[in-house]
Asks: 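I am attaching a structure below and will ask some questions about it afterwards.
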Amino acid sequence: MSAYVLDRLLPAAATRFQELTGACTDADSARFALAELNSFLAGLGAGELCAAVLSPPPAGLRAMHANYIAAMVEYACAHNGFAPPRWTSAITPLAEPTFGSELASLRLYLLTHSLPPFRRRNIFIDASIGARV
């Protein structure tokens, strides 16, 4: 790929990351924004991903959403073979566990099947980047 194309493509990915993470500040639309962010991150190559997630999400996110975003970025970076950006470690993990389902009977399953970046942040789900629940 030419340098011109890369210069045009990479900033667009960073802008899109900021747009999607910014949409998570609205509690009503955060669920949809996180799903779209999931698809966006899954579709990026390693170079695009590295450039897209270099800057932290905007301020004002609820702790749950900030942790969810950080976990998705950490997982995507590990999946692509590079260290996550430093801003992810600045987000304090949730004090209380959060489960992807309200069904108590699924909690043990979620506890044992959640991916490490999500578990470290006290988020227990059964899906990762590119997957849907």
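Numbering of residues begins at 1 and proceeds along the displayed sequence. These values consider heavy atoms only, across backbone and side chains, with no hydrogens, waters or symmetry-generated copies.
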Asks: Before you tell me yes or no, could you show the steps for Asp126 and Tyr109 under side chain to side chain contact (heavy atoms under 4.5 Å, CB included), namely the whole-Å CA-CA distance, both residues' side-chain angles and the distance that decides it to 0.1 Å?
Replies: CA-CA 8 Å; Asp126 185 29; Tyr109 176 83; 3.2 Å; yes

Asks: Is any side-chain heavy atom of Arg121 closer than 4.5 Å to a side-chain heavy atom of Ile91?
Replies: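 With C-beta onward as the side chain, the pair touches.
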
Asks: So Gln18 and Ser55, do their side chains get closer than 4.5 Å, heavy atoms only?
Replies: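 Yes, their side chains come closer than 4.5 Å.
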
Asks: Let me confirm one number: the CZ-CG distance from Phe124 to Leu115, rounded to the nearest 0.5 Å.
Replies: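 Going from the CZ atom of Phe124 to the CG atom of Leu115 covers 12.0 Å.
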
Asks: Any side-chain to backbone donor/acceptor pair from Ser114 onto Leu111? Under 3.5 Å, distance only.
Replies: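 Looks like no, no N/O pair under 3.5 Å.
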
Asks: Please indicate whether Arg31 has more than 12 foreign heavy atoms, meaning atoms of other residues, nucleotides or ligands, lying under 6.0 Å from its CZ.
Replies: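 No, not enclosed.
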
Asks: Check whether any side-chain heavy atom of Cys77 lies under 4.5 Å from a side-chain heavy atom of Tyr75, and answer yes or no.
Replies: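 Cys77 vs Tyr75: side chains apart.
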
Asks: So do Phe40 and Arg16 actually touch side chain to side chain, heavy atoms under 4.5 Å?
Replies: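 Side chain of Arg16 against side chain of Phe40, heavy atoms only: contact under 4.5 Å found.
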
Asks: Classify the angle between the aromatic ring planes of Phe118 and Tyr68 as parallel (below 30°), tilted (30 to 60°) or perpendicular (above 60°).
Replies: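 Rings of Phe118 and Tyr68: perpendicular, as their planes differ by over 60°.
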
Asks: Give the C-alpha distance, both sets of side-chain angles, the deciding distance and a yes or no for side chain to side chain contact (heavy atoms under 4.5 Å, CB included) between Leu54 and Trp87.
Replies: CA-CA 8 Å; Leu54 190 58; Trp87 62 260; over 6 Å; no

Asks: Would you indicate whether the side-chain heavy atoms of Cys24 and Ile69 approach each other to under 4.5 Å?
Replies: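 In short, these two side chains touch, coming nearer than 4.5 Å.
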
Asks: Using side chain to side chain contact (heavy atoms under 4.5 Å, CB included), reason through Asn122 and Asn67 one step at a time and then give a plain yes or no.
Replies: CA-CA 9 Å; Asn122 233 351; Asn67 274 281; over 6 Å; no

Asks: Side chains of Met64 and Ile123: does their closest heavy-atom pair fall under 4.5 Å?
Replies: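 Counting from C-beta outward, Met64 and Ile123 do come under 4.5 Å.
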
Asks: What closest approach, in Å, do Ile125 and Gly100 show between heavy atoms, and which atom pair accounts for it?
Replies: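 That closest heavy-atom pairing would be CG2-CA, 4.1 Å.
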
Asks: To the nearest 0.5 Å, how far apart are CG in Asn80 and CD in Glu48?
Replies: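 The distance works out to 10.0 Å.
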
Asks: Is there a side chain to side chain contact (heavy atoms under 4.5 Å, CB included) between Val73 and Phe17? Walk through the geometry before answering.
Replies: CA-CA 10 Å; Val73 168; Phe17 177 75; 3.9 Å; yes

Asks: How about Met72 and Leu34: do any of their side-chain heavy atoms sit closer than 4.5 Å?
Replies: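 Yes - at least one pair of side-chain heavy atoms lies under 4.5 Å apart.
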
Asks: Measuring only between side-chain heavy atoms, which start at C-beta, is Val53 closer than 4.5 Å to Leu41?
Replies: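 They are in contact (side-chain heavy atoms under 4.5 Å apart), so the answer is yes.
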
